[in-house]
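Each residue takes its place number in the sequence, starting with 1.
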Amino acid sequence: MRENREIRYTGVGVSEGVVVGRVLRVHDETRYVYRTRIDPDEMDRELRRFRAAVRLAKRQLLSIKERAEQELGKDHAYIFDAHLLMLEDQKLISDVEHYISEERSNAEWALKVVCDRLLAVYSEIKDDYLRERGSDIEDVVKRLLVALSGEQPAHRNLSQDAVIVSQDLLPSAVAELDLDYARAVVTDTGGWTSHMAIVARGLGIPAVVGLRDFYWRARTGDTIIVDSDRSQVILHPGPDTLEKYRPLTGVVAERPAVPISSGDGGLIKTLDGVEVTLRANVELPAEYAGVKDYGAHGIGLYRSEFLLSRRGLLVSEEQQYKVYSEVAKLAGEHGAIIRLFDLGAEKQHDAQQDAERNPALGLRAIRFGLAHDQIMRTQLRAILRAAAVGKLDIVLPMIADVADIARAVKILDEERLKLDAEIVQQGKVQVGAMIEIPSAVLTAHKIAARVAFFELGTNDLIQYTLAVDRGNEDVADWFRTLHPAVLYSIKHSIDAAKSAGIPVIVCGEMASTPAYAVLLIGLGAVDLSMTPPLLPRVRLVLSRIDSGKAREIANECLECATADQVENLVRQRFLTEWPDLFSSENLPTENDSA
């Protein structure tokens with residue numbers, strides 16, 4: 001029958017390994033919410049019902065977190081702290097209660113309206129890591145809706161060869177499964193930094209995500225092969241395919257263990273003595289512990305947009321000051337770099353304002369801050385005050401040229417003087433520039449003369465250099481991380497910084513992928529920042545490569561004419577130079593992205 005023909009899907013392998021098993025479809029339990037008008041005399045009862053649901057959801061999450069700590073370890077169970085944080089967010093809770101009272105709405109509808117607004121904020125954020133955090137909001141909303149319904153969360157016992165297949169498997173749903181026999185996880189959505197990926201790596205089971213519409217093709221009981229090493233899933237594998245894969249099942253490439261807390265303070269050396277700094281990218285308070293646990297050299301990028309997504313656009317100076325002070329203490333002597341709000345006009349939720357036709361090229365990041373300077377001034381004041389607590393610096397997002405820097409620095413200097421006049425304690429803050437659009441690359445030498453450091457945001461640099469939206473499936477084949485133009489842009493920016501005597505921190509996804517990290521070293525980068533759990537694998541690889549060889553390979557890549565040529569060259573040279581670190585499965589392939 002046609003439906004039983006072998007089908008191959010390619011996604012993103014986020015937790016390595018190969019498994020042959022049987023499909024277990026897990027529905028995302030989407031709930032349809034309707035609006036009911038509440039009579040005035042029932043309003044107090046409805047508010048109490050919502051508060052009781054919040055308390056119940058907290059108890060359930062605490063129980064899930066406890067189990068996750070036992071099965072995944074504390075290093076991975078921290079993701080549930082983010083969910084608890086949302087349930088303790090008084091602004092979020094009060095917004096729902098306010099909607100119930102003012103609109104005389106049932107709690108379910110009020111919860112949906114308020115959280116849909118938050119999800120809209122996340123969906124427009126151009127940072128991939130932050131955008132994927134929207135799944136946390138969905139997870140909490142579903143839990144609250146179940147609590148409001150009075151139902152008990154569903155529990156599933158898995159068969160010995162179960163491969164979980166879902167459209168979007170939320171973290172708490174995974175934690176509630178009986179994972180003793182779970183062999184692998186496959187989802188239609190998600191990426192390397194999604195919480196599903198983090199959970200899978202914590203469990204040590206293979207996972208492939210981002211398969212788009214695989215869920216609708218699979219049926220519970222179907223035979224399935226999950227080959228995360230090749231980022232591939234095979235449904236209804238034929239006899240020849242099964243014969244090929246069965247010897248590989250459960251085989252994971254051997255790698256020497258790397259202690260999570262290495263004690264090296266985030267500084268490592270290549271075999272030929274080149275020192276490399278490894279920093280952490282953070283956003284949620286729940287991630288803070290990872291900075292020290294994984295041995296990061298401070299915080300290379302703090303994404304401040306999290307404050308806005310939780311509390312709305314107008315975050316008070318005092319609220320920001322408390323958060324930045326905590327970040328400064330956490331980073332310690334190595335310091336933290338705060339990225340100014342990287343957002344666009346869509347965050348205003350102004351009903352009178354027409355939506356931008358092309359938000360990615362519109363009023364966003366530094367442009368938005370300069371156009372709404374009071375928001376920028378409030379943030380700058382909070383950072384300056386927190387810098388008196390610990391070492392903090394600022395990076396300006398989406399800089400196009402020195403004019404953007406001059407305007408931002410002028411505002412910063414004005415706020416410094418105001419704080420002095422008010423006799424408010426403040427600290428010294430250096431200013432850096434995010435290099436992520438072509439105009440910044442082409443004028444990098446001029447920009448370097450005006451700032452204290454560069455940060456390379458490779459995700460957007462690739463997108464803007466190649467004019468490809470990485471979230472658009474229709475043009476995904478044109479998103480090529482190793483395109484020669486991308487490598488040249490990185491090299492040119494690093495050289496400009498070196499000429500000016502300023503450091504460069506690479507903070508995009510390229511830094512967290514071992515093969516790409518080696519190329520970055522070859523291009524001259526010696527300062528990388530990434531999500532904390534990804535530090536150990538990058539530390540291992542970079543400590544066992546020769547930077548001179550990496551430089552030779554990078555220079556050869558710069559001479560290539562196409563991304564295909566670069567990828568073929570990288571595969572050939574890496575397998576020759578470092579066969580103990582790389583295999584053909586964990587090296588970039590055609591249309592690979594980081």
Side-chain angles (χ1 to χ4, degrees), residues 125 127 130 279-285 287-288 291 296 298-343 347 364-399 404-434 450-455 457 502-503 505 507 529:
I125 292 175
D127 184 285
L130 275 173
R279 306 177 192 265
N281 294 343
V282 298
E283 166 211 2
L284 298 171
E287 296 174 310
Y288 291 176
V291 176
I299 297 172
L301 178 66
Y302 176 77
R303 301 176 175 96
S304 60
E305 296 80 25
F306 170 67
L307 295 168
L308 300 187
S309 65
R310 290 181 64 217
R311 305 181 189 280
L313 192 57
L314 299 177
V315 191
S316 75
E317 178 183 327
E318 198 61 32
Q319 288 171 323
Q320 292 189 58
Y321 165 72
K322 290 178 180 177
V323 172
Y324 303 145
S325 295
E326 186 178 356
V327 170
K329 292 175 183 175
L330 169 71
E333 62 176 326
H334 304 310
I337 298 172
I338 310 289
R339 183 175 68 187
L340 294 193
F341 293 141
D342 193 358
L343 44 78
K347 307 300 182 296
R364 65 180 321 112
I366 193 65
R367 301 168 184 173
F368 180 86
L370 294 172
H372 302 83
D373 70 327
Q374 192 52 52
I375 295 172
M376 180 185 283
R377 289 177 187 277
T378 299
Q379 185 176 26
L380 290 173
R381 283 175 61 91
I383 295 172
L384 285 168
R385 289 174 56 200
V389 175
K391 188 177 185 301
L392 290 179
D393 291 321
I394 293 168
V395 65
L396 308 175
M398 202 176 173
I399 290 297
D404 290 339
I405 296 166
R407 292 178 63 188
V409 170
K410 182 175 183 292
I411 293 174
L412 176 64
D413 289 340
E414 289 170 356
E415 295 309 314
R416 288 187 202 273
L417 292 174
K418 288 180 184 177
L419 288 172
D420 283 339
E422 297 166 12
I423 317 178
V424 175
Q425 189 176 14
Q426 60 177 295
K428 183 179 179 181
V429 170
Q430 292 187 315
V431 176
M434 291 289 297
R450 302 293 293 270
V451 296
F453 61 91
F454 278 175
E455 292 220 349
I502 64 172
I505 302 171
C507 58
S529 192

Query raised in the report: Got a salt bridge between Asp393 and Lys391, using NZ or NE/NH1/NH2 to carboxylate O under 4.0 Å?
Result: yes
Query - salt bridge (Lys or Arg N to Asp or Glu O under 4.0 Å) evaluation trace for Glu414 with Arg377 - result: CA-CA 9 Å; Glu414 289 170 356; Arg377 289 177 187 277; 2.7 Å; yes
Requested in this report: Output, in order, the C-alpha distance, side-chain angles, deciding distance and verdict of side chain to side chain donor-acceptor pair (under 3.5 Å) for Gln379 and Ser304.
Outcome: CA-CA 9 Å; Gln379 185 176 26; Ser304 60; 3.1 Å; yes
Query raised in the report: CD of Gln425: more than 12 outside heavy atoms within 6.0 angstrom?
Result: no
**Report entry** Pair Tyr324-Gln320, side chain to side chain donor-acceptor pair (under 3.5 Å): steps then yes or no
**Finding:** CA-CA 6 Å; Tyr324 303 145; Gln320 292 189 58; 2.7 Å; yes
Query raised in the report: CZ of Arg416: more than 12 outside heavy atoms within 6.0 angstrom?
Result: yes
Query raised in the report: Are any of the side-chain nitrogens in Arg381 or Glu318 under 4.0 Å away from the carboxylate oxygens of its partner?
Result: no
Report task. Would you give the length of the straight line joining atom CD1 of Ile405 to atom CD1 of Ile366, rounded to the nearest 0.5 angstrom? Result -> 9.0 Å
**Report entry** Asp413 with Lys410: basic N within carboxylate O range, under 4.0 Å
**Finding:** no
Query - Met434 and Cys507, any side-chain heavy atoms less than 4.5 Å apart - result: yes
Report task. Among Ile299, Ile505, Ile394, Asn281, find the one that has a side chain to side chain contact (heavy atoms under 4.5 Å, CB included) with Ile337. Result -> Ile505
Query raised in the report: For residues 424-434, which residue pairs qualify under salt bridge (charged side-chain N to carboxylate O under 4.0 Å, His left out), counting only residues two or more places apart or in two chains?
Result: none
Requested in this report: Before accepting this row, confirm whether a basic side-chain N of the pair Lys322/Glu317 lies closer than 4.0 Å to the acidic partner's carboxylate O.
Outcome: no
Query - Listed partners of Ala387 passing side-chain contact (heavy atoms from CB on, under 4.5 Å), at least two apart - result: Leu392, Val429
